[in-house]
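Everything below concerns the one structure shown next.
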Amino acid sequence: MKSTFASLAIAAALSASVSGFALAQDSVEVLHWWTSGGEAAAVGVLKDDLQKQGVGWQDMPVAGGGGEAANTALKARVTSGNPPTAAQLLGMAVNEWSEEGLLGDLTSVADQEGWGTVVPDAIKNFAVHDGKWQAVPVNIHRPNWLWINAKVFKDNGLEPPKTWDEFNAVADKLKEKGIVPLAHGGQPWQDTTVFDDVVLGIGGPEFYKKAILELDDAALKSDTMVKVFDQMRKIRGYVDPNFSGRDWNLATAMVLKGEAAMQLMGDWAKGEIVKANLTPGVDILCVTAPGTEGSFLFNTDFFAMFPVGDSKLAAQHKLAASVMSPSFQEAFNLVKGSIPARTDVSGDKFDACAKKSMGDLKSAVSSGRLLGSLAHGHAEPAGIQRAMFDVVTQHFNSDMSSKDAAAALVTAINAAR
Amino acid sequence: MTLSKRIQAALPAFVLSPSLAAIAICVYGFIAYTALLSFTGSKMFAKFDFVGLRQYERLFDNPRWITAVENMAIFGGLYVVVATCLGLYIAVLIDQKIRLEGVFRAIFLYPMALSFVVTGVIWQWLLNPGLGLEHMVRSLGWQSFTFQWLVEPDWAIYTIVIAGVWQVTGFVMALFLAGLRGVDTEILRAARVDGAPVHKVYTRIVIPALRPVFLTAFVIEAHLAIKSYDLVVALTKGGPGVSTELPSTFMYSMTFTRNELGVGAASATVMLTSLAAIIVPYLYSELRDDRRA
Amino acid sequence: MTAVPDSNFAMALMRPRSLNPTKMLGRIFVYGCLVVLAALFLAPLASMVMTSLKSMDEIRSGTLLSVPQAPTIEAWASVWSSACISIACGGLKGYFGNSFLIAVPATLISVGLGALNGYVFSTRRFQGDNILFGLILFGCFIPFQIVLIPMAGLLGMLGLAGTIPGLVLVHVVYGVCFTTMFFRNYFVTVPAEIFKAARVDGAGFWAIFFRILLPISWPIVMVSIIWQFTGVWNDFLFGVSFAAGSNQPVTVAVNNLVNTSTGTKAYNEDMAAAMIAALPTIVIYVAAGRYFLRGLMAGAVKG
Amino acid sequence: MANLGISHVTKSFGSLAVLKDIKISIEDGEFLVLVGPSGCGKSTLLSIIAGLEEHTSGTITIDGRPVDGLEPKERDIAMVFQSYALYPAMTVEQNIGFSLEMSKMPKAERVERVGKVADLLQISHLLKRRPGQLSGGQRQRVAMGRALVREPKIFLFDEPLSNLDAKLRVEMRTEIKRLHQRLGATIVYVTHDQIEAMTMATRIAVMKDGVLQQFGTPENIYDRPANVFVATFMGSPPMNLLPATVVDGASGPRLSLKGTDVTLPLPSSVTARLAPGSDVLLGLRPEWLSLAMEGASANPTLTLHVDVIEPTGPDVFVALRAGEREIMARLPTGTPICPGEKRAFALDLSKAVVFDAATGVAH
């Protein structure tokens, strides 16, 4: 009796797995961490687009921790010799996978479709290695936004701050009035998102390049960096006591409800704003983070392509081409809240914030101020990036002095190298 | 020997061999592989460029690891002590010939049934000052009540202890209850005749008789503590700052998030060694003389 | 079916039924402690259930343990059959099935193998048997994070990557360490003369196992099944690493549902999802808790 | 039914010898009791006969056929265990029929055989019960039934009565003996209880420390113990051992009892030539002492101090004292005797045994 049941269960398990594997020849399996809300809708856009071309979509969602669990799953898949057709990766991760020689080659499609001319170089550098296109950018996010509840500011007669000093002044006033100045979630990546803005805002683009992108010892130890940490300490005083571990969207909700006045967050916050039936740029103002006007921090989701058998190559190429098509880039980013990764897409259908983003992108590209975000994996490889997270978040959550923090940053980076 | 006898004689080996082979590969093979990797400069994937003890130096130079080890001591110590005491206490209570014993047992046991995804979601809520306990008590009228362990770097590790203890205590209780029910009644009657009060009977006779159960409970708790990973990830993700980092979360993040496979392997090797230091003496004492002739 | 044996102590310690005041106070103390502790242990579950029955508006305004004003099972219904996880809007029910397809065979196979291993270890003496058993026991304690990558490689070699049989295999391998321990410790308590009698009666290896040992092993079979099923059902790490999208177990699906990075948090749905994922194991613990205890008494605990 | 031969059987675990060169053989239908203190190797020997353990060297034959290396089931034996070893999950019927089932006997025949055995043992009404629902005596019967049903060549009993209370033990003893007589079966029975050995056996093998001390009929063992160990182990109260020295007398050697000035003639059983001056032990069973009738007996007498009197019903055990030495006598109830008296006792030397004081071996 028991054994019959067991064999039935095994048979059922086998058949289930076989059917799971029985993909149509023309299908793609995509590993990503966009499981809900606008993200999932955006994936739906891509799926529909491919379906029209007769390419099936095998979903492999793994949510959690900005792709950490997905990264584990991806490593397991690749190690087992069964990589997905494509996987969502952030910029530096594409570099790291590419250096391991584990990515496929899209150059033929890229040449045919002329991607080279429409993608900004700073982004192209992550997608192209040794002259080979290995990943396709889906979007451009801008993390250096300051979101402001317009009503709170108006009621209190405040102007959006343009520098960190102005920010401090505004925040102090808000604090006096009993309003939480800054909505924040105490997670390492959120702490570092703020840190990015402060480094760029206080040190300027050249300092950001030297300290964050080039990890120049002198810059990291400089007085400017000490000032950056001083400002971080100030900001710690502007967040409410319950910030620890809070998800970013809960922080956004605080701004939407007027419990807090501002939030330093990427443009994905727009999804929350729209969902709350508010208008970005009107109810919730979008201004560049203090002192960062003219610079454009970015992070981009890529679909990195893995080497798949010849039989699946056509489908993979169709996926890549689809992702890069102007129509998809427009449709996807309208849903996702970001802006297209190619610069030749019209911004007509986008909201005010996105339009500003697109404009700022163009000028940042021409002035060389399009800079990869540390918090979002476009500045340093994971080991160094996380080591820097450690210092930033530890400083933010303790009474470590700014000098010690700057020194710890250098030590941590060297240890991780 | 006839063929059928040979088959009979070979059966035990035949029965054991699949499990032994699987364990040889999937436990010891993988441990050896990990130990090997800890001597290499592996980053994202395994690379066999040997660097000697460099990864161990990096490991012990890493303040995060030091924090993780310190946290392990705090968490492990409290977890074992509190769960053992509470589990024993509940077991003694339940053993007082109470009504609805089954219901109480089920209530204390059910947390064992929950996965960390679930456990984490609940406790994150309950311990969050703005949403959970503090909020609730305040809304009941006690406005000055504060309970902010989850967000205080110095206190967050204790929230992990709370959730961990909550989850494992039922199991410890079950162990002790099973042990209590195995204690010879004669001794207890004798103690009663000698005029010992109930609490003395427990402290002087019953609990000393449960020594083997303490040992079993200790080993189970200790290895759960060292393996604890899910709880931290679900509850605090190692924060605030790095204040709830444990060796297991450190190892995971090094290996999978930071692409520092070598350091991750070194930390895993250190963890396994300390685990072995606890388990091997236990196994030795368990297996030495409990075979029947 | 025998119930859990009655309390030794109570029987030995209780005086004849004369309830003097001290005695009464003692009983009140015992029940008082139990009720308080039970309430503390139940609070998380209660808050989950109540939250899952509230609307989002009510959650925002109330507290965790407030009783829902207008209970609704909408969240449960949605999570079960229509909530969207990425592009698939079929709720958890498909993944629930996956979990059964993983947990049932993995449990049965590992319990079966463990029973046979325990049988061999407890009845046959051979050179190094204790060392071998100790080596298997140590396997219980291996942290799973360290085996992920090499296991992925192994599954790939076996052609089981991303499949449910692959996951079953992984759970069997690490589960067998526990089940072997359970059964071996149980079987050594069976009197040796029973095995001798069976041999004299002409019973072979299999007849002794199936006819004589297995019918008296149900307490430990229950412990092993509960332990294994719970472990496999609740697993996340192996599930997320080794299962391809459509084969993911329910824990991974719940994670995908709950751990959104940009969606709004629907706490009622999160709690309902967590509850749904936890139901089978809770039911097992509650329904079979007494057998769990019996099994522990019968062998898992040395006392 | 069959004879059993045990020749030169040894068993050792590494350097530890548990059985040393055991030689026993019994005829068809005999009731052999292996008796000895715990740890003497009797149970090991039984296990070896059963095939549950392997011996290191030597040969076991059943019905003239060597069975070394054969599995228990191939030896055509049945065994009753000390703890009964009933299968807990099976009913009485299944327990008894299990071996028949294992030998693939058709069900109908099985049921009939089981029924017959159950009738014989008067346990027919228990057939549907499980061992847990039976009393000790009932379990014992089921265990016997399990052995009987196989109609084996040899029955093996491993201390089957030691878990029963005194009354049941006596009843079962008789019952086993009755079965033996009725079936004419060959039986090997292990016990540490010398009364069981004496009452049941047709042949007794006394063992100690893995060595066979004596093998013979109960009478032989009782009356002519081969050494001091057998003499004291068998019989209760044990045989009195009186230290003595061989002295020359007018009509040959005599025994001079130490601590007294009494000399006794050498018992007729002594065949060996005893050198004068050698130390011996004179073995006297308690019942070989009797109150000396005034001048009536030809037997030599010994005057002893009466210490304690223990009535047992039919007999009276009397603890006597000769100097430091204690001597037990067994007298018929009603013998006029009081503690504190000094009385003369007649010694029946016709059965007395003389042991070498140094080696303990009977002369």
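Keep in mind that what you see is a predicted model, and the values were worked out from it rather than measured. Proteins come first, then strands; the chains are lettered A, B, ... in the order of their sequence lines, and each starts at number 1.
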Could you report the tightest heavy-atom contact between [X] and [Y], atom names first, then the distance?
X	Y	answer
B:L37	B:S42	CD2-OG, 3.7 Å
B:A276	B:P281	O-CD, 3.7 Å
C:P249	C:S99	CB-OG, 3.5 Å
B:P12	B:A9	CD-O, 3.4 Å

Check: C:F209 vs C:F187 aromatic rings, parallel, tilted or perpendicular, using cut-offs 30° and 60°?
Finding: perpendicular

Margin query: Can you tell me how the ring of B:F108 sits relative to the ring of C:F41, calling it parallel under 30°, perpendicular over 60° and tilted otherwise?
Written below: perpendicular

What part of [X] gets within 4.5 angstrom of chain B, counting heavy atoms only: side chain, backbone, both, or neither?
X	value
C:V30	both
C:I142	both
C:W206	side chain
C:L132	side chain
C:V35	both
C:I226	neither
C:F29	side chain

With a 4.5 angstrom heavy-atom cut-off, which part of [X] approaches chain C: side chain, backbone, both or neither?
X	result
B:L20	side chain
B:I279	side chain
B:A46	neither
B:L86	side chain
B:F256	side chain
B:M112	both
B:R99	both
B:Y33	side chain
B:P111	side chain
B:T34	side chain

Highest number of heavy-atom pairs under 4.5 Å with chain B: which of [options]?
options	result
C:G139, C:G26, C:A38, C:S110	C:A38
C:V173, C:T230, C:V286, C:N117	C:N117
C:T180, C:L148, C:L237	C:L148
C:V170, C:L137, C:L34, C:V283	C:L34

Would you say the side chain of [Y] lies within less than 4.5 Å of the side chain of [X], judging by non-hydrogen atoms?
X	Y	value
C:F229	C:I284	yes
C:T123	C:F205	no
C:F236	C:N255	yes

Item checked: Over-ring placement of B:K227 relative to C:F141, 6.0 Å and 45° cut-offs ->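 That pair does not qualify as a cation-pi contact.
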
In this structure, is the centre-to-centre distance between the rings of [Y] and [X] below 6.0 Å?
X	Y	answer
B:Y110	C:Y285	no
B:F176	B:F214	yes
C:Y119	C:F183	no

Checklist line | Selection from B:I107, B:T255, B:L224, B:V27 maximising heavy-atom pairs under 4.5 Å formed with chain C | finding: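 If we count pairs closer than 4.5 Å to chain C, B:I107 comes out on top.
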
Margin query: Taking every non-hydrogen pair under 4.5 Å, which of B:S19, B:A268, B:A106, B:A22 racks up the most with chain C?
Written below: B:S19

Margin query: Could you check whether C:D129 pairs with C:R124 (Lys NZ or Arg NE/NH1/NH2 to Asp/Glu carboxylate O, under 4.0 Å)?
Written below: no

